[in-house]
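To start, the structure itself, in structure tokens.
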Amino acid sequence: IEQPTFPKITEMCVKMIRRVNDEEGIKKLVNETFQKLWFTPTPHHDKEAMTRKILNITDVVAACRDTGYDWFEQLLQNLLKSEEDASYKPVKKACTQLVDNLVEHILKYEESLSDSDNKGVNSGRLVACITTLFLFSKIRPQLMVKHAMTMQPYLTTKCSTQNDFMVICNVAKILELVVPLMEHPSETFLATIEEDLMKLIIKYGMTVVQHCVSCLGAVVNKVTQNYKFVWACFNRYYGALSKLKNQHQEDPNSTILTANKPALLRSLFTVGALCRHFDFDQEDFKGSSKVNIKDKVLELLMYFTKHSDEEVQTKAIIGLGFAFIQHPSLMFEQEVKTLYNSILSDKNCSVNLKIQVLKNLQTYLQEEDTRMQQADRDWKKVAKQEDLKEMGDISSGMSSSIMQLYLKQVLEAFFHNQSSVRHFALNVIALTLNQGLIHPVQCVPYLIAMGTDPEPSMRNKADQQLVEIDKKYAGFIHMKAVAGMKMSYQVQQAINTCPKDPVRGFRHDESSSALCSHLYSMIRGNRQHRRAFLISLLNLFDDTAKTEVNMLLYIADNLACFPYQTQEEPLFIMHHIDITLSVSGSNLLQSFKESMVKDKKKERKPSSDEETESDSNSGSGSESEVEASKPRRLRKRVDSDSDSDEENDINAVMKCLPENSAPLIEFANVSQGILLLLMLKQHLKNLCGFSDSKIQKYSPSESAKVYDKAINRKTGVHFHPKQTLDFLRSDMANSKITEEVKRSIVKQYLD
């Protein structure tokens with residue numbers, strides 16, 4: 001029994017089962033594979049086959065401990081749903097067999113835990129078995145009803161290791177689902193569960209308290225109605241909080257408060273947890289008292305959110321989050337709105353507090369979703385003729401109003417440098433969109449931005465949301481694409497760990513793919529949308545757009561690395577680069593020429609003779625300026641050495657620079673867009689192997705089929721606009737004008 005299954009088999013199963021939500025063909029294959037492997041009834045006499053099956057399932061469950069068990073639930077739901085209307089139900093029969101045998105295995109592991117040699121192995125197996133039973137209970141709690149009394153004693157497990165705590169938490173979760181389904185359970189059994197849970201709530205930490213209060217909620221609210229028992233527990237912690245609040249008001253620096261900090265933290269958490277599962281404003285709890293308990297709890301918890309100790313603040317916010325699940329309307333209170341929005345929008349606020357506020361919103365939305373699904377199922381059972389949609393809209397209307405209050409601040413959390421903050425913000429937005437609580441168009445630019453996150457899990461989640469929005473609302477992605485790219489630059493700025501390094505628009509890995517490649521791949525299929533998107537990006541390089549240089553570099557990087565598939569795509573970009581260069585480039589050169597003086601010696605007011613001489617030379621500038629501004633192949637050759645030639649050109653223009661350096665810096669700044677376009681065109685030409693004649697012959701009005709050929713990309717071609725990178729790294733825009741800076745700007749002009 002203790003022999004583990006082969007690790008390779010477990011690994012293969014884990015890889016396969018994670019594809020359970022893939023495209024239909026793969027999903028079907030996964031379902032069929034695991035139906036044969038796990039969910040086919042085993043002959044009663046074949047104990048060995050059943051043991052093998054149990055070990056395989058629990059090994060896979062143990063291997064997925066850190067990544068979550070959604071796949072198991074999905075698989076089981078798919079298989080049970082497929083045989084709902086069938087007369088023979090092999091999956092249901094197999095599940096019953098598995099649950100019964102898992103319970104048997106738990107008892108065997110329990111016995112062998114006294115054997116010190118195998119204690120670690122068996123403890124891990126025990127956790128895996130109980131976790132697997134919980135997963136079955138979550139989908140089909142009826143399977144565990146007959147085993148509830150067997151599970152109850154595990155609530156008294158002595159906790160010394162992480163595995164012991166996991167046993168208690170999973171048993172509490174199983175009993176929470178199963179006890180309400182039991183027919184006429186004995187009073188002794190129920191009283192024992194209540195007492196065991198209460199002892200655990202008083203003794204252990206947050207995770208145990210949370211699951212035990214949740215279990216107690218199911219047992220008391222649905223079965224025993226032992227409200228006095230819970231009311232006494234609530235008053236114990238509420239009373240302690242009130243006392244600690246009064247002490248703090250009298251003397252915030254009191255040593256008594258420091259000594260009582262553990263009690264304060266436990267009370268804040270437990271009061272909140274109890275308020276999540278019990279409505280203490282019901283007469284069953286408070287009797288005829290006119291005191292509004294929820295308002296009193298809100299006042300108490302809000303007081304401690306202003307505490308100087310961050311740990312106390314965090315626990316108070318956790319308590320608030322719990323209370324809001326029972327009473328969502330409290331989130332409309334002005335002091336709550338101010339608290340949440342100030343924490344989310346304040347750049348200097350603690351990361352822990354930001355994460356906790358986002359977690360509170362996430363938990364609220366998850367609970368609402370679960371509540372809605374359950375209400376929907378219950379309603380279908382009792383009255384198919386009722387209007388289900390109307391029933392759902394009442395509850396979702398509240399959630400929608402709440403999310404409208406906090407949406408902007410949650411979206412702005414995408415621009416935080418800590419990935420954990422971005423992670424929870426994205427979770428909240430995904431839940432909000434999946435429940436249809438807001439119009440998705442306002443989230444599109446932010447999701448495009450999150451699609452550039454360094455963490456693959458977040459990128460994929462954001463991209464998946466965009467795909468879902470695109471399915472339902474065609475054109476939304478294209479409409480917000482440019483705004484999304486600008487926001488993605490902001491995200492990259494926020495997470496850039498070295499501010500001196502310019503933000504780049506491609507991944508620094510083997511692929512060198514554009515950060516916004518998923519966005520481009522969504523738009524490229526529609527020729528009209530693609531062209532409009534590319535032109536909008538190229539327009540940002542126009543000197544009138546006043547786009548900051550680093551953003552232009554970021555956009556140029558993306559344009560250089562987008563996943564182009566046909567020749568038409570890069571040719572269209574190069575065609576429009578030529579148009580932009582012919583207008584903006586010429587204007588830029590002209591403005592620089594106009595800022596130059598003919599010769600520094602002649603800057604004084606000219607005499608009438610000089611004016612006459614000047615008129616005869618009107619518009620052409622000094623001989624050196626004219627010479628330097630000619631194309632190099634037409635200039636007088638003074639020296640065969642090209643470096644010397646270039647040096648002469650630079651010196652010639654240097655003589656003509658004005659005393660006022662502002663136009664020089666303006667030129668250096670504005671010219672970066674032109675230089676980037678020149679570099680981008682050259683890069684695309686090298687990457688795709690286009691000849692000059694092919695580029696010149698291209699016309700955007702020609703039939704799409706002419707340029708529909710696939711691109712033959714060359715490997716090892718990288719986009720490296722050195723001048724712009726040097727400009728940004730040296731912070732030339734804010735530099736003091738030295739001779740060296742002037743020479744650099746003149747070189748840009750000549751290039």
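We use all heavy atoms of the structure for the numbers below, so side chains are in, but hydrogens, waters and symmetry mates are not.
Residues R507 and G451 approach most closely at NH2-O, 3.8 Å, considering heavy atoms. Nearest heavy atoms, R504 versus L515: O-CD1, 3.6 Å. Smallest separation of non-hydrogen atoms from K337 and M331: CG-O, 3.7 Å. Taking both residues in full, the closest heavy atoms of A532 and H478 are given as CB-NE2, 3.8 Å, listed atom of the first, atom of the second, then distance. Nearest heavy-atom pair across L538 and L677 is CD2-CD2, 3.8 Å. Residues A481 and L519 approach most closely at O-CD2, 3.9 Å, considering heavy atoms.
Within 6.0 Å of CD on Q590 lie more than 12 heavy atoms contributed by other residues, nucleotides or ligands.
By the 30° and 60° cut-offs, the orientation of the rings of F533 relative to Y520 is tilted. Between H575 and Y698, the ring-plane angle classifies as perpendicular under the 30° and 60° cut-offs. Note on ring orientation: taking the six-membered ring where Trp is involved, the planes of F572 and H576 are tilted (angle from 30° to 60°).
The residue from Q465, Q464, K472 that alone fulfils the side-chain hydrogen bond (donor to acceptor under 3.5 Å, both in side chains) condition with E468 is Q464.
Ionic pairing of R713 and E569 is not present here: no N-O contact between side-chain nitrogen and carboxylate oxygen is shorter than 4.0 angstrom. Using a cut-off of 4.0 Å between Lys/Arg side-chain N and Asp/Glu carboxylate O, K722 and D726 are scored as salt-bridged. Look at E568 and R524 and you find no salt bridge, because none of the NZ, NE, NH1 or NH2 atoms lies under 4.0 Å from a carboxylate O. Between D692 and K685, at least one side-chain N (NZ, or NE/NH1/NH2) sits under 4.0 Å from a carboxylate O, which counts as a salt bridge.
Contact check for F562 versus F506: no side-chain heavy atoms found under the 4.5 Å cut-off. A heavy-atom distance below 4.5 Å is found between the side chains of L447 and L433. Taking the side chain as every heavy atom from C-beta outward, Q492 and T452 approach each other to under 4.5 Å. Within the 4.5 Å cutoff, the side chain of R527 has heavy atoms near those of the R530 side chain. Under the 4.5 Å side-chain criterion, counting only non-hydrogen atoms from C-beta, I495 is in contact with P454. By the 4.5 Å heavy-atom criterion applied to side chains, L365 and N434 are not counted as neighbours. Annotation: side chain of Y340 is not in contact with side chain of Q409 (no heavy-atom distance under 4.5 Å). Counting heavy atoms from C-beta on, the side chains of R459 and M450 never come closer than 4.5 Å.
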Worksheet item: Can you list the steps and then say if F541 with L559 is a side chain to side chain contact (heavy atoms under 4.5 Å, CB included)?
Response: CA-CA 12 Å; F541 290 83; L559 286 165; 4.1 Å; yes
Item to complete: Go through the steps for D578 and Q696 under the test side chain to side chain contact (heavy atoms under 4.5 Å, CB included), then give the verdict.
Response: CA-CA 10 Å; D578 283 340; Q696 282 163 3; over 6 Å; no
Item to complete: Just do the side chain to side chain donor-acceptor pair (under 3.5 Å) check on Q356 and N360 with the steps written out, would you?
Response: CA-CA 6 Å; Q356 195 49 60; N360 282 2; 3.1 Å; yes
Discussion item. Let's go through K354 and D346 carefully: what are the C-alpha distance in whole Å and the side-chain angles of both, what is the deciding distance for salt bridge (charged side-chain N to carboxylate O under 4.0 Å, His left out) to 0.1 Å, and is it a yes or a no?
Written reply: CA-CA 9 Å; K354 282 184 191 291; D346 183 359; over 6 Å; no
Discussion item. Set out, in order, the CA-CA distance, both residues' side-chain angles and the distance that settles side chain to side chain donor-acceptor pair (under 3.5 Å) for S345 and E412, then state yes or no.
Written reply: CA-CA 7 Å; S345 56; E412 292 296 321; over 6 Å; no
Worksheet entry | V549/L553 under side chain to side chain contact (heavy atoms under 4.5 Å, CB included): CA gap, chis, key distance, verdict | CA-CA 6 Å; V549 175; L553 171 65; 5.6 Å; no
Worksheet item: Is there a side chain to side chain donor-acceptor pair (under 3.5 Å) between S399 and Y364 once you walk through the steps?
Response: CA-CA 9 Å; S399 307; Y364 163 69; 3.2 Å; yes
Discussion item. Apply side chain to side chain contact (heavy atoms under 4.5 Å, CB included) to residues N496 and N417 and explain how you reach the verdict.
Written reply: CA-CA 8 Å; N496 186 14; N417 60 353; over 6 Å; no
Practice prompt. In sequence, state the C-alpha distance, the side-chain angles, and the governing distance for N427 and K461, and then conclude on side chain to side chain donor-acceptor pair (under 3.5 Å).
Written response: CA-CA 9 Å; N427 282 356; K461 191 164 194 171; 2.7 Å; yes
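Atom CD1 of I555 sits about 6.5 Å away from atom OG1 of T547, to the nearest 0.5 Å. Taken from CG in L411 to CG in L344, the straight-line distance is 10.5 Å, to the nearest 0.5 Å. One finds the CG atom of L684 at 6.0 Å from the CD1 atom of I577 (value rounded to the nearest 0.5 Å). Here the OG atom belonging to S744 is positioned 9.0 Å from the CZ atom belonging to F727, to the nearest 0.5 angstrom. Distance check, rounded to the nearest 0.5 Å: CD1 of I579 to CD1 of I535 gives 8.0 Å. The distance from the CD atom of E455 to the CZ atom of R422 is 6.5 Å, given to the nearest 0.5 Å.
When atom types are taken as modelled, the side chain of R729 and the backbone of P502 share no donor-acceptor pair closer than 3.5 angstrom.
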